[in-house]
Amino acid sequence: MSTENIRVRFAPSPTGFLHVGGLRTALYNVLFARKHGGSAVLRIEDTDRSRYVEGAVENLLSTLEWAGLRFDEGPEQGGASGPYVQSERSDLYRAHAEQLLAEGKAYRCFCSPDELAASRERQLAEKKDPTYDRRCRMLSEAEISEKRDAGLPFTVRMKVPLAGQLQFRDLVRGDITVHYDVIDDQVLLKSDGYPTYHLANVVDDHHMQISHVIRGEEWLPSTAKHMLLYEFFGWAPPQFAHLPLLLNQDRSKLSKRQGDVAVEDYREKGYLPEALINFVALLGWNPGDDREMFTLAELEKEFSLERVGKAGAVFDVEKLKWFNGQYLRALPAEDLVEICGPWMREAGFDTTDPARTRSVVSSLTNYLTLPSDITEHLGLFTGGPVHITGEEAQNLVADAPAQQVFTRFVELAAELEDWRGESIKAMIKAIQKDTGVKGKQLFMPLRLALTAEEHGPDLGMIAELLGRDETISRIRAQLR
RNA sequence: GCGCCCAUCGACUAGAGGCCUAGGUCGUCAGCCUUUCACGCUGAAAACACGGGUUCGAAUCCCGUUGGGCGCACCA
C-alpha cells in the first residue's frame with residue numbers, strides 16, 4: 001500500500017459517551033495512521049443541534065486520552081485543516097450545497113417534516129418501501145421562487161440519478177455494487193442550515209485530505225451516496241474500509257440495556273486501558289498467528305486492514321476480564337497499590353501504612369480480576385473478633401488436635417523473634433513436630449481461627465499482616 | 001418489505017484447493033502444583049449452517065437455500 005500522505009480520521013458525534021465500538025474504530029484509525037507514518041485526525045461531528053449534550057466533547061477527549069489514543073490534529077491540538085468541530089464549519093457546507101444547487105445536482109425541497117412523516121406512514125401501511133417521492137424535484141422555477149418568497153423553510157436534497165448503478169471498492173469487503181433506484185434523494189442541508197452527516201463528512205474528508213475512511217459497517221449502505229457526492233464535486237474519493245460491527249450476546253448491534261457499552265463504564269469499574277485496548281483490538285483483527293497479548297506500540301507495528309475480518313464480533317466481557325487480570329498481575333507492586341488504594345479506602349481499609357498496604361495488595365494479587373475485587377478479601381486483615389460459622393468448621397476448631405495446635409501456637413508465637421511470614425511458617429512446622437498434628441488437621445484450624453475462612457492466601461503472610469498481638473488473640477479466642 | 005453485508009467450537013479467531021485427524025485464546029470440565037483457595041501448568045469435551053455444483057481433491061471457488069446483522073430520518 002502506498003504510504004505517502006496517509007490521513008485518517010475518527011469522527012464521533014458528541015451525543016453522550018464514547019461507545020466501545022467507537023473506541024475500536026478510533027483505535028484502528030490510529031493504528032493505521034501510525035503503521036503507515038500518516039496522520040490521525042479527530043473531528044467532532046456535532047451538526048445535530050437537537051442532540052447536543054453538555055460536556056460530551058470534553059468527556060470524549062478525556063476518554064480517548066485515558067485509552068492512550070493520540071491524534072495528530074483535532075479540536076485540542078489544532079492543525080492545518082481546522083476547525084475540527086463541524087458546527088464551526090457551517091459556511092463551508094452551505095457554500096458546497098449552493099454549488100450543487102447551481103449546477104443542478106441538488107434541489108430545494110419544501111416538504112415539511114410532518115408531510116414526509118405522513119407519506120412514510122402511508123407507504124409503510126401499503127407495504128411499500130418508504131422513500132421520498134421526489135415531488136419537489138419536479139418543481140418549476142416559478143414554483144420555487146414563489147415558495148421562497150413566501151419564506152417557506154426548505155432543505156437541500158441531492159439529485160440521485162434515476163437509473164444505473166454505482167460500484168466502489170471497500171478495503172475489507174471488496175467490490176460493492178449499489179443501484180441508484182434504491183437510493184433516496186438524500187437531504188444534504190437541513191432547514192436549520194446545518195448539513196447532514198452525508199454532506200458534512202464528504203466535504204470535510206475532502207478538505208482535510210483524508211486518504212482512508214475507516215468506520216463502522218453501519219455506514220456501508222450510505223457509502224454509495226457519499227461516492228455520488230464525490231462525483232458531483234469532481235473530487236477523488238478516499239479509500240473506504242468498513243469495520244465489522246461489535247455485537248451483543250444475541251448478535252444484535254452492541255447496545256445499552258445489554259450490558260455496558262460506554263468506555264467510561266469500564267474505566268469506572270477499574271478496567272485497565274491496556275486491557276480494554278488489547279481486547280478490543282482483537283475484535284475484528286488478528287495478527288495471523290497465535291499471539292494475543294499486545295501493547296499499543298506493538299499493535300501500531302502489526303496492524304493492517306488486510307487482516308480485518310468481515311463478520312461481526314460479539315463483545316465477550318469474560319475475555320475482557322481475563323485480559324484485565326493478566327495486565328493487573330503484570331503490574332509492578334507500587335502501581336497495583338496505587339490502583340487498588342481508592343477501592344480499599346472506600347471499603348474502610350486503613351492504607352496509611354505503605355509497607356503494610358503493599359503487603360496486603362501483594363498477597364491478594366492472584367485473586368483479582370478487577371481492582372475492586374480486592375474489597376472482598378480485605379476482611380482477612382481487618383480487626384475484630386472472628387466468627388466461625390458452620391458446624392463442620394466449628395467442630396474442626398474444637399477438636400483435640402486443633403486445641404493442641406492452638407496451645408502450642410500461643411506459646412511459640414509469644415517468643416518468636418521476628419514476626420515474618422517465613423519464620424511464622426517455620427514455627428508452624430515446629431508445631432507439627434511438637435504435636436504430631438499435620439496437613440489439613442494442622443493448617444485448617446489455624447486458618448479458621450485467623451480468618452474464619454477455609455480458603456485464602458498463604459497463612460504465614462496472613463499472620464504477619466495481622467501482627468503478633470492480633471494473631472495470638474485470635475488463636476486464644478478459639479481455646480477451650 | 002426493499003437494499004447492502006456476513007456465515008469455522010458457547011465466545012474471539014487461524015485457515016487464501018491437498019500441510020485439516022480443522023490450530024490457538026477465553027469460558028467449561030478433569031488432573032497436577034498448593035495446608036486451602038487463587039495464580040500457574042497439563043489435558044479433555046467442543047465448530048466448517050444446509051443443498052447443489054466446479055475439481056482427482058473444498059472449510060477454502062461458484063450458485064441457491066436458510067440464518068443473522070446493518071441500512072432505508074431535516075440522527076450520526
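Every value quoted in this text rests on a predicted model; they were computed, and no experiment measured them. Each chain gets a letter, A, B and so on, in the order its sequence line appears, and its residues count up from 1.
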Novice: Nearest 0.5 Å, what's the NZ-CG distance between A:Lys225 and A:Asp185?
Specialist: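 A:Lys225 atom NZ to A:Asp185 atom CG measures 10.0 Å (nearest 0.5 Å).
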Novice: Students often get this wrong, so: under 4.0 angstrom with heavy atoms, is A:Arg291 touching a base, only sugar-phosphate, or nothing?
Specialist: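 The residue A:Arg291 makes no contact with any strand.
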Novice: Can you name the residues that form a salt bridge (Lys or Arg N to Asp or Glu O under 4.0 Å) with A:Lys159, not counting sequence neighbours?
Specialist: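 So A:Lys159 forms no salt bridge (Lys or Arg N to Asp or Glu O under 4.0 Å) with any residue.
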Novice: I'd like to know whether CD of A:Gln167 has more than 12 heavy-atom contacts from other residues, nucleotides or ligands below 6.0 angstrom.
Specialist: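 Correct, the count exceeds 12.
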Novice: Report the nucleotide, chosen from B:rG40, B:rC6, B:rA76, that has the shortest atom-to-atom distance to any side-chain atom of A:Thr47.
Specialist: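 Selected nucleotide (nearest to the side chain): B:rA76.
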Novice: Considering only heavy atoms, which members of residues 155-163 of chain A lie under 4.0 Å from some atom of RNA chain B?
Specialist: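 Here the set is A:Thr155, A:Arg157.
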Novice: Side chain of A:Lys440, heavy atoms from C-beta onward: which of B:rU25, B:rU35, B:rG15 has the nearest atom to it?
Specialist: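 So the nucleotide nearest the side chain must be B:rU35.
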Novice: Give, ordered by number, those residues of residues 216-225 of chain A having at least one heavy-atom distance below 4.0 Å to an atom of RNA chain B; if nothing qualifies, reply none.
Specialist: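 Going residue by residue through residues 216-225 of chain A, the ones with a heavy atom under 4.0 Å of RNA chain B turn out to be A:Glu217, A:Glu218, A:Trp219, A:Leu220, A:Pro221.
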Novice: Could you check which of B:rU36, B:rG40, B:rC74 has an atom nearest any side-chain atom of A:Arg329?
Specialist: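 So the side chain of A:Arg329 is nearest to B:rG40.
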Novice: Identify which nucleotide among B:rC75, B:rG1, B:rG15 has an atom closest to any side-chain atom of A:Arg307, counting heavy atoms from C-beta outward.
Specialist: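 Minimum distance to the A:Arg307 side chain belongs to B:rG15.
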Novice: Quick one: label A:Arg447 by what it contacts on the DNA or RNA (base, sugar-phosphate, nothing), any heavy atom closer than 4.0 Å.
Specialist: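 It contacts base atoms.
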Novice: Regarding A:Gln326, tell me which of base, sugar-phosphate or nothing describes its non-hydrogen contacts under 4.0 Å with the strands shown.
Specialist: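 Counting heavy atoms under 4.0 Å across all strands, the contact made by A:Gln326 is with sugar-phosphate only.
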Novice: With sequence neighbours left out, what residues match A:Tyr266 under ring pair (Phe, Tyr, Trp, His ring centres under 6.0 Å)?
Specialist: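 A:Tyr266 satisfies ring pair (Phe, Tyr, Trp, His ring centres under 6.0 Å) with A:Tyr271, A:Phe315 only.
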Novice: Under 4.0 angstrom, heavy atoms only, what part of the nucleic acid is A:Pro445 near: base, sugar-phosphate, or nothing?
Specialist: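 The residue A:Pro445 makes no contact with any strand.
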Novice: Checking contacts here: which listed nucleotide (B:rA76, B:rG24, B:rC2) is nearest the side-chain heavy atoms of A:Asp290?
Specialist: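 So the nucleotide nearest the side chain must be B:rG24.
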Novice: Ignoring the backbone of A:Lys253, work out which of B:rC70, B:rC75, B:rC74 is nearest its side chain.
Specialist: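 Closest of the options to the side chain of A:Lys253: B:rC70.
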Novice: Could you let me know what B:rA7 is paired to, Watson-Crick or G-U wobble, both distances under 3.5 Å, or none if it's on its own?
Specialist: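 Pair assignment: B:rA7 / B:rU66.
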Novice: Just checking A:Leu442: base, sugar-phosphate only, or nothing, at a heavy-atom cut-off of under 4.0 Å?
Specialist: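 Nothing: the residue A:Leu442, judged by heavy atoms under 4.0 Å, touches no strand.
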Novice: Residues two or more places apart in sequence or in another chain: which of them pass salt bridge (Lys or Arg N to Asp or Glu O under 4.0 Å) with A:Lys425?
Specialist: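 For A:Lys425 the salt bridge (Lys or Arg N to Asp or Glu O under 4.0 Å) partners, ignoring immediate neighbours, are A:Asp458.
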Novice: When we call it a touch if two heavy atoms are under 4.0 Å apart, what does A:Cys109 touch: a base, just sugar-phosphate, or nothing?
Specialist: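 Answer is nothing: A:Cys109 stays at 4.0 Å or more from every strand.
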Novice: Name all residues meeting the salt bridge (Lys or Arg N to Asp or Glu O under 4.0 Å) criterion together with A:Lys319; count only those two or more places apart in sequence or in a different chain, and write none if there are none.
Specialist: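 Salt bridge (Lys or Arg N to Asp or Glu O under 4.0 Å) list for A:Lys319, sorted by chain: A:Glu292.
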Novice: If the condition is ring pair (Phe, Tyr, Trp, His ring centres under 6.0 Å), which residues does A:Phe17 pass it with, not counting sequence neighbours?
Specialist: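 For A:Phe17, no residue satisfies ring pair (Phe, Tyr, Trp, His ring centres under 6.0 Å) once neighbours in sequence are set aside.
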Novice: Students often get this wrong, so: under 4.0 angstrom with heavy atoms, is A:Thr177 touching a base, only sugar-phosphate, or nothing?
Specialist: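 Sugar-phosphate, no base atom in range.
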Novice: OP1, OP2 of B:rU35 versus side-chain N and O of A:Lys425: anything below 4.0 Å?
Specialist: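 For B:rU35, neither OP1 nor OP2 has a side-chain N or O of A:Lys425 closer than 4.0 Å.
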Novice: Donor-acceptor pair, distance only, cut-off 3.5 Å: does the side chain of A:Arg474 make one with the backbone of A:Thr451?
Specialist: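 No: the side chain of A:Arg474 does not pair with the backbone of A:Thr451.
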Novice: Considering only side-chain heavy atoms of A:Val182, which listed nucleotide, B:rC2, B:rG24, B:rC4, is closest?
Specialist: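 Nucleotide nearest to A:Val182's side chain: B:rC2.
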Novice: State which of B:rC74, B:rC6, B:rA11 makes the closest approach to the side chain of A:Leu116.
Specialist: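 The nucleotide sitting nearest to the side chain is B:rC74.
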Novice: Could you give all pairs that pass the side-chain hydrogen bond (donor to acceptor under 3.5 Å, both in side chains) test and reach residues 280-290 of chain A, with sequence neighbours left out?
Specialist: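 Qualifying pairs: A:Asn286-A:Arg307, A:Asp289-A:Arg291.
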Novice: Counting side-chain heavy atoms from C-beta on, which of B:rA73, B:rG24, B:rC4 comes nearest to A:Ile176?
Specialist: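 Minimum distance to the A:Ile176 side chain belongs to B:rC4.
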Novice: Applying ring pair (Phe, Tyr, Trp, His ring centres under 6.0 Å) as the test, list every pair that has at least one member in residues 185-205 of chain A; sequence neighbours left out.
Specialist: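 Found A:Tyr197-A:Trp219, A:Tyr197-A:His226, A:His198-A:His226.
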Novice: Grab the N/O contacts between the protein and nucleotides 16-21 of chain B below 3.5 Å, and write none if there aren't any.
Specialist:
none

Novice: Closer than 4.0 angstrom, basic N to acidic O: yes or no for A:Glu318 and A:Lys321?
Specialist: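 Looking at A:Glu318 and A:Lys321, the cut-off is met.
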Novice: Base, sugar-phosphate or nothing for A:Gly325? Non-hydrogen atoms, less than 4.0 Å.
Specialist: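 Answer is nothing: A:Gly325 stays at 4.0 Å or more from every strand.
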Novice: List for me each residue that meets salt bridge (Lys or Arg N to Asp or Glu O under 4.0 Å) alongside A:Arg173, sequence neighbours excluded, and say none if there are none.
Specialist: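 A:Glu217.
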Novice: Is A:Asn286 touching bases, backbone alone, or none of the nucleic acid, heavy atoms closer than 4.0 Å?
Specialist: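 Sugar-phosphate, backbone atoms only, no base.
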Novice: At less than 3.5 Å, do the side-chain atoms of A:Arg51 and the base atoms of B:rC75 form a donor-acceptor pair?
Specialist: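 Checked by distance alone, the answer is yes.
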Novice: What are the atom names and distances for every N/O pair under 3.5 Å that joins the protein to nucleotides 27-33 of chain B?
Specialist:
none

Novice: Could you tell me whether A:Arg24 sits above the aromatic face of A:Tyr28, with NZ or CZ closer than 6.0 angstrom to the six-membered ring centre and within 45 degrees of the axis?
Specialist: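 The answer is yes; both the distance and angle limits are met.
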Novice: Quick check against the 3.5 Å criterion: does A:Asp184 have a side-chain atom that pairs as donor or acceptor with the backbone of A:Tyr132?
Specialist: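 Pair found, side chain donor or acceptor close to backbone of A:Tyr132.
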Novice: Is it the case that the side chains of A:Ser252 and A:Asp250 hold a donor-acceptor pair, with the cut-off being a distance below 3.5 Å and no angle test?
Specialist: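 Note: A:Asp250 and A:Ser252 side chains meet the donor-acceptor criterion.
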Novice: Could you go step by step and tell me if A:Asp265 and A:Val20 meet the side-chain contact (heavy atoms from CB on, under 4.5 Å) rule?
Specialist: CA-CA 10 Å; A:Asp265 292 335; A:Val20 288; over 6 Å; no
Novice: Just to be sure I understand the rule, does A:Asn201 reach a base, reach only the sugar-phosphate, or reach nothing, if contact means heavy atoms closer than 4.0 Å?
Specialist: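 Nothing, no heavy atom under 4.0 Å.
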Novice: Would you classify A:Ser50 as touching base, sugar-phosphate or nothing, given that sugar-phosphate means primed atoms plus P, OP1 and OP2, and contacts are heavy atoms under 4.0 Å?
Specialist: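 If one applies the 4.0 Å heavy-atom cut-off, A:Ser50 turns out to touch nothing in the nucleic acid.
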